[in-house]
Number of protein chains: 2
Amino acid sequence: MTALTEQGREFSTLLVEVFRVNGLLLAAGDELARPAGLTSARWQVLGVVDHGPSTVAQVARAMGLARQTVRQTATSLVRDGMLAYQDNPGDLRARLLVLTPRGRSALRQVERRQAAWANALAARLPLAELCAVSGTLRDLGDLLEGS
Amino acid sequence: MTALTEQGREFSTLLVEVFRVNGLLLAAGDELARPAGLTSARWQVLGVVDHGPSTVAQVARAMGLARQTVRQTATSLVRDGMLAYQDNPGDLRARLLVLTPRGRSALRQVERRQAAWANALAARLPLAELCAVSGTLRDLGDLLEGS
DNA sequence: TCAGCTTTGACAGGTACCTGTCAAAGCTGA
DNA sequence: TCAGCTTTGACAGGTACCTGTCAAAGCTGA
């Protein structure tokens with residue numbers, strides 16, 4: 001029987017907290033996005049396209065998701081009039097996604113709400129702790145990616 | 001225009017890291033579970049039932065998931081012979097889930113692999129940092145739950 | 001006792017992710 | 001030039017989560 005070391009036990013505690021906080025953050029994101037008719041996933045896609053017209057594949061790479069996942073979200077955003085397709089002179093296969101006025105306005109609305117929410121929450125945690133946690137999580141992420 | 005404060009920006013960095021690490025941990029969990037014919041979700045359910053025969057609703061409460069989500073996973077585990085239903089004398093509606101020998105052996109196999117993996121990873125991060133991160137994430141989780 | 005609330009499993013249907021396969025477009029090197 | 005590899009969108013189908021609705025079982029208080 002392989003048992004957990006003390007470090008291993010503390011690590012397991014950390015796992016549970018990451019899962020919990022992740023779930024709560026996703027719920028908070030959906031909450032912030034809902035009044036604008038968005039979800040976290042839809043909001044993220046609009047955010048990437050806001051940096052400039054992009055193909056589905058480009059957005060997927062920017063977000064670290066599968067091409068097909070973004071395609072699904074983009075299709076629903078086009079259906080709802082928040083994104084539009086535009087011919088891509090550089091590649092006949094891959095049309096460009098562009099924000100419509102409606103998409104841009106929804107995105108701005110969520111961004112305002114998100115900034116106010118982040119500022120309020122962040123003010124209740126010591127800055128030094130925030131930095132320390134980000135750093136350690138980045139190290140952990142790098143370890144996990146390396147393995 | 002609501003802008004991000006310095007704290008708000010650092011907090012946003014933290015969000016991104018939590019999402020990244022969460023994704024990597026889920027992938028690692030599926031990896032650990034796959035040789036035993038499990039996924040992260042199936043493994044978690046077996047783990048709860050290992051504490052004693054439970055109804056679907058009890059498992060869902062223990063895991064913090066919707067009843068229907070666990071029902072779906074449990075159905076597939078029963079189909080695969082890892083869990084079995086047993087009549088519940090205490091409540092005619094809700095049969096008890098119990099581990100089959102096959103389910104127990106799959107669970108033990110994943111637990112061994114998981115312990116070795118957690119020990120190895122944890123050994124590469126300072127114990128003090130692990131504790132600090134767990135603590136801050138717990139505070140953040142509590143803040144998010146409170147709002 | 002028993003009416004009214006709660007809990008439960010079952011069913012239906014939705015979102016956000018994934019992989020695999022295909023044909024067409026684009027690219028690259030001999 | 002053009003054969004062969006890569007990239008792309010489209011399609012199909014899978015997993016893990018969710019909510020809403022229903023009927024039956026269980027519980028509780030007057």
Side-chain angles (χ1 to χ4, degrees), chain A residues 19-20 22-31 33-34 37-48 53-80 82-97, chain B residues 19-20 22-31 33-34 37-48 53-80 82-97:
Chain A
F19 290 141
R20 171 173 173 242
N22 185 77
L24 290 165
L25 288 177
L26 282 182
D30 282 336
E31 191 81 22
R34 188 175 324 135
L38 297 175
T39 60
S40 285
R42 286 155 61 92
W43 160 23
Q44 301 305 318
V45 169
L46 291 185
V48 173
S54 319
T55 65
V56 163
Q58 286 170 339
V59 173
R61 277 193 297 271
M63 294 175 71
L65 296 179
R67 218 164 71 243
Q68 309 301 8
T69 301
V70 173
R71 185 187 162 264
Q72 211 168 6
T73 306
T75 299
S76 107
L77 285 166
V78 169
R79 182 169 26 73
D80 292 357
M82 300 214 182
L83 288 180
Y85 284 115
Q86 186 177 282
D87 280 342
N88 183 356
D91 190 331
L92 291 186
R93 299 169 301 180
R95 285 173 299 171
L96 291 169
L97 290 165
Chain B
F19 290 140
R20 172 172 173 243
N22 185 77
L24 290 165
L25 288 176
L26 282 182
D30 282 335
E31 191 81 20
R34 189 175 324 136
L38 296 175
T39 60
S40 286
R42 286 156 61 93
W43 161 24
Q44 300 306 318
V45 169
L46 290 185
V48 173
S54 319
T55 65
V56 164
Q58 285 169 341
V59 174
R61 276 193 297 270
M63 295 176 70
L65 295 180
R67 217 164 71 242
Q68 309 300 8
T69 301
V70 172
R71 185 186 163 264
Q72 211 168 4
T73 307
T75 299
S76 106
L77 285 165
V78 168
R79 182 171 23 76
D80 292 357
M82 300 216 182
L83 288 179
Y85 283 116
Q86 185 177 284
D87 280 343
N88 183 357
D91 189 332
L92 292 186
R93 299 168 301 179
R95 286 172 297 172
L96 291 169
L97 290 165

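Below, chains carry the letters A, B, ... as their sequence lines are ordered, and counting in each starts from 1. All heavy atoms count here, side chains included; hydrogens, waters and symmetry mates do not.
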Partners of A:Thr55 by side-chain contact (heavy atoms from CB on, under 4.5 Å), sequence neighbours excluded?
A:Ala57, A:Gln58, A:Asn88, A:Ala94, A:Leu96

How far apart are the C-alpha atoms of A:Asp30 and A:Ser40, what are their side-chain angles, what is the distance that settles it, and do they pass the side-chain contact (heavy atoms from CB on, under 4.5 Å) test?
CA-CA 5 Å; A:Asp30 282 336; A:Ser40 285; 3.2 Å; yes

Applying side-chain hydrogen bond (donor to acceptor under 3.5 Å, both in side chains), name anything that partners B:Thr39, two or more places apart in sequence or on another chain.
none

Tell me, do A:Leu83 and A:Val45 make a side-chain contact under 4.5 Å, heavy atoms counted?
yes

OP1 or OP2 of D:dC18 sitting under 4.0 Å from any side-chain N/O of B:Thr69?
yes

Which letters describe nucleotides 8-15 of chain C, given B = protein heavy atom under 4.0 Å from base, S = only from sugar-phosphate, - = neither?
BBBB----

Test of understanding: with side-chain hydrogen bond (donor to acceptor under 3.5 Å, both in side chains), list the residues that count as partners of A:Arg95, not counting sequence neighbours.
none

Show every donor-acceptor pair shorter than 3.5 Å between a side-chain atom in residues 59-75 of chain A and any protein atom, with sequence neighbours excluded, or say none if there are none.
{"residue": "A:Thr73", "atom": "OG1", "partner": "A:Thr69", "partner atom": "O", "Å": "3.3"}
{"residue": "A:Thr75", "atom": "OG1", "partner": "A:Arg71", "partner atom": "O", "Å": "2.8"}

Send over the distance from A:Asp87 CG to C:dA25 C1', rounded to a whole Å.
14 Å

Separation of atom CG in B:Asn22 from atom C1' in C:dA16, rounded to whole Å
14 Å

Within this structure, what is the CG-to-C1' distance between A:Leu65 and C:dA16, rounded to whole angstrom?
9 Å

Read 5' to 3' with Watson-Crick or G-U pairs under 3.5 Å, [ ] for crossing pairs and | for partners on another strand, DNA chain C gives ||||||||||||||||||||||||||||||

Of A:Pro89 and A:Ala66, the one whose closest nucleotide on DNA chain C sits nearer the 5' end is A:Ala66

When rounded to whole Å, the CG to C1' distance for the pair B:Leu77 and D:dA16 reads 13 Å

What pair of heavy atoms forms the shortest contact from A:Trp43 to A:Ala33, and how long is it?
CE3-CB, 4.2 Å

Could you state the CG-P distance from A:Asp30 to D:dC17, rounded to the nearest angstrom?
16 Å

